[in-house]
Protein chains: 2
Amino acid sequence: MKTIKVLKGQLLQSKGDLNSKIYIIESGLLRSYTIDDKGKEHIYMFGPENWLVADNCEPSVPCQLYIDAIEDSIVNVAPKEEATKQGADMDAILRRLNSMQNRIVMLMSSTARERYLHFIETYPEIPQRVTLKMIASYLGITPEALSRVRNELAQRK
Amino acid sequence: MKTIKVLKGQLLQSKGDLNSKIYIIESGLLRSYTIDDKGKEHIYMFGPENWLVADNCEPSVPCQLYIDAIEDSIVNVAPKEEATKQGADMDAILRRLNSMQNRIVMLMSSTARERYLHFIETYPEIPQRVTLKMIASYLGITPEALSRVRNELAQRK
DNA sequence: AGAAGTTCTTGATTTACATCAATGCACAGG
DNA sequence: CCTGTGCATTGATGTAAATCAAGAACTTCT
């Protein structure tokens, strides 16, 4: 486990990489994402301070996520074996499972508006640090759709 | 941890329940699902033999998933504390995280057809045991859309 | 076997959201 | 101060899938 400094925009992991690592963010902001066949980016997760970002695949198989830095960041890098063998904070894993479950339920049953409202409520710090385009990508909608949702919400007041 | 027998259609857990349990399927088939504001069901997960079905929330908060039996089943029921404290099979948890990640990536970036193809490839045994309506619900599409996808694929041969 | 309920398919219509294209805006560097 | 570049917004149009409405094909039960 070593600590590294990464600059905004720097790529830490590419789709297809073997032996992908686990990144624990000390400061800054990372993101993990895929690029589909049409070349479109889909943000899988944001990684602010104290979060853990990784592709949840076995070390031996090619990973499917890209990981890069949205802000200059200080990051701890650990190989997966290490992190899984030693105690591995069970509480953190359960929180993670829970947030993924929420995400799946949202993606299956919520409208663009509901997703946005849930997002800003759940992650109030993130919106100020990323572009609307990235939020839209995380929510699974287009920037245009997000813009409209935000307008409707602003007017409704 | 006790073993119970459940009949097809029997409800094991309701949205809003506190102290939700963990269900390990010995034989039969369970499903977990939500019902949205419009009354629509969204299947979160199927639980065939040897799978574990649960709402990944803390025992103290109301859960968001319903769980019932699609077939007559034999199921082991464990309280969450028990399952998380004792060893807790780390391999199984990682596999689970991985399959949830796949699900999220799929929901964000794949068409109805791609989802269906991925599903029958990943879970070849399930389709024969559940209705198309349930498959559609799992994939996040309507039964009609699924019917059309299947027709196109059948003709394409 | 026949009735009654499901499940599946088909067609017509609507809707939410994507896509495309154009414009406005702000900040950065010359 | 202009001017380029990236981001957000707006409007027009397109499209995949949802919804609505029937009907056909299976099941299940008596």
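Below, chain A is the first sequence line, B the second, and so on; all start at residue 1.
Minimum heavy-atom separation, Leu139(A) to Leu107(A): O-CD2, 4.1 Å.
With rounding to whole Å, Arg148(B) atom CZ is found 12 Å from dT19(D) atom P. Atom NZ in Lys38(A) sits about 17 Å away from atom P in dC17(C), given to the nearest Å. Taking atom CD on Glu144(B) and atom P on dT10(C), their separation rounds to 12 Å, with Å as the unit. In this structure, Gln128(A) atom CD and dA8(D) atom C1' are separated by 17 Å, rounded to whole Å. To the nearest angstrom, C1' of dA18(C) lies 16 Å from CE of Met108(B). Note: CZ (Arg115(B)) to P (dA16(D)) measures 14 Å, nearest angstrom. Distance CG (Leu132(B)) to P (dT27(D)): 12 Å, rounded to an integer number of Å. Regarding Glu114(B), its CD atom lies at a distance of 14 Å from the C1' atom of dA17(D), rounded to whole Å.
One finds a side-chain N or O of Lys40(B) lying less than 4.0 angstrom from the OP1 or OP2 phosphate oxygen of dT19(D). Within the structure, every side-chain polar atom (N or O) of Thr131(A) is placed at least 4.0 Å from both OP1 and OP2 of dC7(D). In this structure, Lys133(B) does not reach the dT6(C) phosphate: none of its side-chain N or O atoms is under 4.0 Å from OP1 or OP2.
Mapped onto DNA chain C by nearest heavy atom, Ser147(B) and Ala145(A) fall at different nucleotides, with Ser147(B) at the one closer to the 5' end. Mapped onto DNA chain D by nearest heavy atom, Lys8(B) and Ala112(B) fall at different nucleotides, with Ala112(B) at the one closer to the 5' end.
Between Glu49(A) and Arg129(A) a salt bridge is recorded (basic side-chain N to carboxylate O distance below 4.0 Å).
A distance below 6.0 Å separates the ring centres of Phe46(B) and Tyr138(B).
Using a 4.0 Å heavy-atom criterion, one finds that Leu146(A) contacts no nucleic acid atom at all.
Shown here is Glu58(A), whose CD atom has no more than 12 heavy atoms of other residues, nucleotides or ligands within 6.0 Å.
Ring planes of Tyr33(B) and Tyr66(B): parallel class, angle under 30° (limits at 30 and 60°).
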